Amino acid sequence: MDESNPNTTPESLPCIGVLAIQGDFDAHAIAIREAGAEAVLVRKPEQLDDIDGLVIPGGESTTFLKFLERDGFLDRLQAFVRTRPTFGTCAGCILLAKEVTHPAQQSLGVLDATVERNAYGRQIDSVIEEAETKLEGGPMELVYIRAPRIAKTGPSVKVLAERDGFPVLVEQGHILAATFHPELSADRRIHRRFVDLVREHSAVRS
Ligand code: GLN
């Protein structure tokens, strides 16, 4: 494609899958489209072959695991997240972590971090905060719902935002993870960051 051509065709948009097993996958799909990519809902493991990146939404990580195991999805997903751009929010972040505590639970083990489930209490403690992040454009609204806490990160993990001294938005190579729900805010900076990551990754691959 001619990069100097301002008439960008729909074909040039990266295609990002949103895992549509549970959680607010529709809100993520809308956010991805507003951030400048194509979004498809992923319900079958073979769809992973046709996407440039994947969003794993929030929800309940234990339920996610049950569905993924039942559908024979887990192995394909595990292989995908090892090398392909993936953005996990809340339960999605829990699934990506190398270690999960409170209680310990199986995970995809690709984000070099220890994540503690429900670290801020029960549903009633869910909260919306304004916080500074490393992304340009000033403070951002962060929506926490039964949020996990990233208790520990490895050296290759970049921290993009914190809450009470703990990371809440992190990046590690092709992985982006948030303990909050950016799809529930109008601000699209985080989804744009993921679309950029997918574009960079696709450029390296081709
Ligand atoms: N508490 C949920 C879990 O442990 C995550 C909450 C969320 O995704 N909003 O899986």
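Whatever order the structure lists them in is the order used to number ligands and atoms, beginning at 1. On a predicted model such as this, the values are computed, not experimentally measured, just so you know.
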F87 six-ring face occupied by R193 cation (under 6.0 Å, within 45°): no

Any N or O of I94 closer than 3.5 Å to N or O of ligand 1: no

G59 touching ligand 1 at heavy-atom level, < 4.0 angstrom: yes

With heavy-atom distances below 4.5 Å as the criterion, would you say the side chains of [X] and [Y] are in contact?
{"X": "E136", "Y": "R189", "answer": "no"}
{"X": "R163", "Y": "Y144", "answer": "yes"}
{"X": "S61", "Y": "Q105", "answer": "yes"}
{"X": "L169", "Y": "L176", "answer": "yes"}

Part of T89 with heavy atoms under 4.0 Å of ligand 1, whether side chain, backbone, both or neither: neither

Main-chain N/O of E183 paired with H28 side-chain donor or acceptor, under 3.5 Å: no

Residue selection (non-hydrogen contact nearest atom 6 (C) of ligand 1) among C90, P57, G58, P103: C90

Closest protein heavy atom to atom 4 (O) of ligand 1, given as residue, atom name and distance to 0.1 Å: R117 NE, 2.6 Å

Protein residue, atom and distance nearest to atom 1 (N) of ligand 1, heavy-atom basis: N118 OD1, 2.6 Å

Contact atoms of ligand 1, heavy-atom distance to H181 under 4.0 Å: 7 (C), 8 (O), 9 (N)

Atoms in ligand 1 flagged as close to S61, the criterion being non-hydrogen separation under 4.0 Å: 3 (C), 4 (O), 10 (O)

